[in-house]
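Each chain gets a letter, A, B and so on, in the order its sequence line appears, and its residues count up from 1.
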There are 2 protein chains.
Amino acid sequence: MMELTRKGEYAIRGILYLARQPRGQVSLVGEIAEASEVPKTFLAKILQNFVKVGLVSSSRGTGGGFMLARPAEQITLREVVEAVEGPIMPNRCLIGAGTCERDVSCPVHPVWEKVRREIVAILDGVTIAELARD
Amino acid sequence: MMELTRKGEYAIRGILYLARQPRGQVSLVGEIAEASEVPKTFLAKILQNFVKVGLVSSSRGTGGGFMLARPAEQITLREVVEAVEGPIMPNRCLIGAGTCERDVSCPVHPVWEKVRREIVAILDGVTIAELARD
DNA sequence: GTATAAGAGGACAAAAAAGATCCACAAGGT
DNA sequence: ACCTTGTGGATCTTTTTTGTCCTCTTATAC
Ligand code: SF4
Ligand code: SF4
């Protein structure tokens, strides 16, 4: 139950690499992939996710590559995980009403809600900058 | 990320049915399955898991069936979930040393450990008895 | 002791998700 | 023009989830 996928793991390793680069420095997919030991083509997809949600900025052509779109101090672990894995959601019924016909007065429902809130709180409390300096 | 599977969901619904029966009353798989809206053969496997870990006791033959092996007040939601889904484990590297070559001084490691502890604490704080009376 | 009524266990199959790769294309630099 | 680098989509493989089936064992009833 409740396991981070490879994609999430790779995403963290990848963005940590970016966070460790000097401000303004762009990095190539291949470079990040090698350093983080992540399959290059897979990482490319992950970086695309980051770009889409505005965590990372990209540029093409010679001299192009990826860099953080915001300072690492302002990027939380939660944002990184959710960028590639979608919203944190311990049980499907939390998505919205009607997902489970039983959700009207389901006694277990509030427990999952609490779990969700706790996980979100922990991951929101950790920034990429903190993780990167080590 | 981190979603309970159907199996876990069915397990909870199933054991709640047992918890709502009068003490000493045995229930048939088919009966539990129908009431909980769970595929019967799948539920049978789940009940086998429960029996294996000692949460539920079973008997065969005429008059056989399933009942809680302990009072519902002494069964926590964590036990139920772990019985069918295995240990709560937000990231593979928590299983043990050597799972990830990077785990030596990995800065993210402690975060997952914290998440794990929190989830365990929440699920350990909820008993089947509490959930059943509703 | 034979029929019947359960659960136990294992093999197996379908469906979904995860993990990974490829290629044609767009955009930017020389 | 030509090279470089990211983009987007299609596709493929592997693993996990979800579910079924069949045979065997255990227990009761007649
Ligand atoms: S039974 Fe309750 S906890 Fe389970 S999916 Fe439905 S609403 Fe959620
Ligand atoms: S990189 Fe760190 S968090 Fe990720 S699997 Fe390895 S030890 Fe765990």
Side-chain angles (χ1 to χ4, degrees), chain A residues 1-15 18 25-34 36-69 81 83-86 89 91-92 95 100, chain B residues 1-14 18 25-34 36-69 81 83-86 89-92 95 100:
Chain A
M1 176 215 190
M2 311 214 159
E3 204 163 296
L4 192 70
T5 66
R6 289 296 157 109
K7 195 175 180 189
E9 179 67 31
Y10 293 165
I12 298 169
R13 303 225 292 250
I15 209 162
L18 288 181
Q25 164 86 40
V26 307
S27 311
L28 305 183
V29 204
E31 182 189 327
I32 310 172
E34 193 171 8
S36 318
E37 295 176 87
V38 172
K40 182 177 158 183
T41 58
F42 199 5
L43 181 66
K45 296 298 184 191
I46 292 168
L47 288 167
Q48 281 180 42
N49 287 339
F50 285 158
V51 171
K52 195 169 336 189
V53 301
L55 244 40
V56 164
S57 67
S58 68
S59 50
R60 308 195 205 192
T62 313
F66 298 90
M67 56 187 270
L68 294 187
V81 170
V84 298
E85 306 243 35
M89 199 68 71
N91 196 358
R92 323 200 195 211
I95 297 165
C100 173
Chain B
M1 176 214 189
M2 312 214 156
E3 207 162 293
L4 192 70
T5 66
R6 290 297 157 122
K7 196 175 179 188
E9 178 68 31
Y10 293 164
I12 297 169
R13 303 223 293 249
L18 288 182
Q25 163 85 41
V26 306
S27 312
L28 304 183
V29 203
E31 183 188 326
I32 310 171
E34 192 170 8
S36 319
E37 294 174 271
V38 172
K40 182 178 158 183
T41 57
F42 199 8
L43 181 64
K45 297 298 185 190
I46 292 169
L47 287 167
Q48 280 179 44
N49 287 339
F50 285 157
V51 171
K52 195 169 337 186
V53 302
L55 244 39
V56 163
S57 69
S58 68
S59 51
R60 309 193 204 192
T62 313
F66 298 91
M67 55 187 270
L68 294 187
V81 170
V84 298
E85 307 243 36
M89 198 67 72
N91 197 357
R92 324 198 195 212
I95 297 165
C100 173

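Where B:Arg92 and B:Gly63 each meet DNA chain D at their nearest nucleotide, the meeting point lying more 5' is that of B:Arg92. Map A:Ala44 and A:Thr62 each onto its nearest nucleotide of DNA chain D; the residue landing nearer the 5' end is A:Thr62.
Taking atom CG on B:Leu43 and atom P on D:dC21, their separation rounds to 16 Å, with Å as the unit. Remark: C1' of C:dA18 and CD of A:Glu9 are 15 Å apart, rounded to the nearest angstrom. The distance from atom CE of B:Met67 to atom P of C:dG7 is 14 Å, rounded to the nearest whole Å. Distance A:Leu28 CG to C:dG28 C1': 14 Å, rounded to the nearest Å. Nucleotide C:dG19 holds its C1' atom 14 Å from the CG atom of A:Leu4, rounded to whole Å. A straight line from CZ of B:Arg13 to P of D:dT18 spans 12 Å, rounded to a whole angstrom. When the P atom of D:dG6 is taken as reference, atom CG of A:Asn49 falls 15 Å away, rounded to whole Å. What separates CZ of A:Arg60 from C1' of C:dG28 is a distance of 9 Å, to the nearest Å.
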_Is there a side-chain contact (heavy atoms from CB on, under 4.5 Å) between A:Glu85 and A:Leu4? Walk through the geometry before answering._
CA-CA 9 Å; A:Glu85 306 243 35; A:Leu4 192 70; 3.2 Å; yes
*Check the pair B:Leu68 / B:Val56 against side-chain contact (heavy atoms from CB on, under 4.5 Å), numbers first and verdict last.*
CA-CA 4 Å; B:Leu68 294 187; B:Val56 163; 4.3 Å; yes
_Steps toward side-chain contact (heavy atoms from CB on, under 4.5 Å) verdict (A:Tyr10, A:Thr5)_ = CA-CA 9 Å; A:Tyr10 293 165; A:Thr5 66; over 6 Å; no
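Using a 4.0 Å heavy-atom criterion, one finds that B:Leu47 contacts no nucleic acid atom at all.
OP1 or OP2 of C:dG19 has at least one side-chain nitrogen or oxygen of A:Thr5 nearer than 4.0 Å. Between B:Gln48 and C:dG7 there is no side-chain polar atom (N or O) within less than 4.0 angstrom of OP1 or OP2. At least one side-chain nitrogen or oxygen of B:Ser58 sits closer than 4.0 Å to the OP1 or OP2 atom of C:dA8.
Closest of all the heavy-atom pairs between A:Ser36 and A:Gly14 is OG-CA, 4.0 Å. Taking every heavy atom of both residues into account, A:Arg92 and B:Glu3 meet most closely at CG-OE2, 3.2 Å. Scanning all heavy atoms of the two residues, the minimum distance from B:Ser27 to B:Leu18 falls at OG-CD2, 3.7 Å.
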Taking only nitrogen or oxygen atoms into account, show me every contact under 3.5 Å that the protein makes with nucleotides 20-22 of chain C, one pair per line with its distance.
residue, atom, partner, partner atom, Å
C:dA20, OP2, A:Tyr10, OH, 3.0

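Note that the CD atom of A:Glu34 and the CG atom of A:Leu28 stand 11.5 Å from one another [nearest 0.5 Å].
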